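Worth saying up front: this structure is predicted, and the values here are computed from it rather than measured.
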Amino acid sequence: MDHLRFPDDLIRAQQQWHDTYRALAAPRPRPATELRRRLLALSVRIHWHPFWATPPGRTPAACVELRQRTAADRTQVAA
C-alpha cells in the first residue's frame, strides 16, 4: 500500500487532536472547557485543511490513514 504524503501542519494538528482527546478523556480533567474548545478548534482546522481538496486527499482512506498514522506515532512515543 502506498503511503500518502501529508503536510506537516496537518500531521501536527492531528497529533495535537489525539493529545487533547486523551487529556480530555482522563478522569476529571481540570480545564475541561478549555480542552473541549481546543478539540473543536483542532477538528475544524483538520477538517478544512486544503490537503483534502487535492486528489490524494479526496479518498476516505486518506482520512483513515492520517488518523492511524498519528495515533500509532503517539502510542509508540508513550510506550
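- Among residues at least two apart or in separate chains, side-chain hydrogen bond (donor to acceptor under 3.5 Å, both in side chains) pairs with a member in residues 39-53 are D9-H49, W17-S43.
- Between A62 and P56, the closest heavy-atom pair is CB-O, 3.5 Å.
- Taking a 6.0 Å sphere around CZ of F51, one finds it holds more than 12 heavy atoms contributed by other residues, nucleotides or ligands.
- Looking only at distances, a side-chain donor or acceptor of E65 sits under 3.5 Å from a matching main-chain atom of L4.
- For the pair R67 and V64, the minimum side-chain heavy-atom distance is below 4.5 Å.
- Proximity of Q14 to R69: side-chain heavy atoms (C-beta onward) are nowhere separated by under 4.5 Å.
- Between atom CD1 of residue I46 and atom CD of residue Q16 there is a gap of 8.5 Å, rounded to the nearest 0.5 Å.
- Crowding of R37 atom CZ: a count of heavy atoms from other residues, nucleotides or ligands under 6.0 Å not exceeding 12.
- When the side chains of ILVMFWY residues are joined at heavy-atom separations under 4.5 Å, either directly or via intervening members, L42 and I11 end up in a single hydrophobic cluster.
- With rounding to the nearest 0.5 angstrom, the CG atom of L10 is 8.5 Å from the OG1 atom of T70.
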Can I get a per-line list of side-chain donor-acceptor pairs under 3.5 Å for residues 25-34, giving both atom names and the distance, sequence neighbours left out?
none

